[in-house]
Amino acid sequence: MGPLPRSLELFYDVLSPYSWLSFEVLCRYQNIWNIKLQLRPSLIAGIMKDSVSCPLLKTRDDIKLLRQHFQIPIQFPKDFISVILEKGSMSAMRFLTALSLEHPEMLEKVSRELWMRVWSRAAEKAGMTIEQAQGILEKISTPKVRNQLKETTEAACRYGAFGLPITVAHVDGQTHMLFGSDRMELLAYLLGEKWMGPVPPAMNARL
């Protein structure tokens, strides 16, 4: 019997393209490294509520390079200001929170679908039936879902989050909080695993 998997928590919001990068890399590595990945939908507005600017406006060129490097189809939406500053992500993150409570096995696919809708506009359906989606939509305003999203966002803040994504690694009785999508090599070091780039060879073979 091998060692028990180490626990990783990924706190993310689908309005954050950097969250998408971390999400995809950890999903790619979860069956390569000895880890148990827990997806934690959070509200970036609740974490950055004291911020007076939107740093993503300054990172368009950065995102273009990351799109190629990570092989993830990120591109800024034409109505970026409206999406980020006006529409926000409250409904989307409540939807994912309700999904994590009702159908956790679908959380990865539906999270990816929401990123694709915001940051790619070329999404395939995540596999939910109309009935399932409607059932989840009916729950997004319930106290249970609202409180769960609030509690998860507050948990991210307690770990020291000042933005998203954050990855929280629980290794050998210690907790490590890593901010951003560019700490995966350090995460591999903490886990005692090998970092093979954002697209590991096993993934390359399937692309």
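Everything numeric in this text was worked out from a predicted model, so none of it was measured.
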Is any side-chain heavy atom of [X] closer than 4.5 Å to a side-chain heavy atom of [Y]?
X: Leu96; Y: Leu39; answer: no
X: Phe95; Y: Leu137; answer: yes
X: Arg94; Y: Ser141; answer: yes
X: Phe11; Y: Phe179; answer: no
X: Pro41; Y: Ser111; answer: no
X: Gln30; Y: Glu108; answer: yes
X: Val25; Y: Ser181; answer: no
X: Leu191; Y: Ile35; answer: yes

Of the non-hydrogen atoms in [X] and [Y], which two are nearest, and what is the gap between them?
X: Lys139; Y: Ala98; answer: CB-CB, 4.3 Å
X: Ala156; Y: Ile47; answer: CB-CD1, 3.9 Å
X: His69; Y: Val199; answer: O-CG2, 4.4 Å
X: Pro198; Y: Pro200; answer: O-CD, 3.6 Å
X: Leu107; Y: Leu99; answer: CA-CD2, 3.9 Å
X: Gln71; Y: Arg28; answer: O-NH2, 3.5 Å

Which word best sums up how the rings of Trp20 and Trp115 line up, parallel for under 30°, tilted for 30 to 60°, or perpendicular for over 60°? parallel
Checking [X] side chain against [Y] main chain: does a donor-acceptor pair fall under 3.5 Å?
X: Thr153; Y: Leu43; result: yes
X: Ser42; Y: Arg40; result: yes
X: Trp33; Y: Lys194; result: yes

Quick one: list whatever passes side-chain contact (heavy atoms from CB on, under 4.5 Å) with Glu151, sequence neighbours left out. Asn147, Gln148
Got a sec, which residues hit side-chain contact (heavy atoms from CB on, under 4.5 Å) with Arg67, two or more places apart in sequence or on another chain? Lys64, Gln75
Are side-chain N/O atoms of Tyr29 and Glu193 paired as donor and acceptor at under 3.5 Å? no
Pairing donors with acceptors under 3.5 angstrom, does anything connect the side chains of Ser22 and Tyr12? no
Could you state the interatomic distance from CD (Glu185) to CG (Leu187), rounded to the nearest 0.5 Å? 11.0 Å
Separation between CG of Leu190 and CD of Gln174, rounded to the nearest 0.5 Å: 9.5 Å
Connecting only ILVMFWY residues whose side-chain heavy atoms lie within less than 4.5 Å of each other, what is the rest of Leu101's hydrophobic cluster? Val145
Between Glu113 and Arg117, is there a salt bridge with N-O shorter than 4.0 Å? yes
Taking CD in Glu105 as the centre, count heavy atoms belonging to other residues, nucleotides or ligands within less than 6.0 Å. Is the count above 12? yes
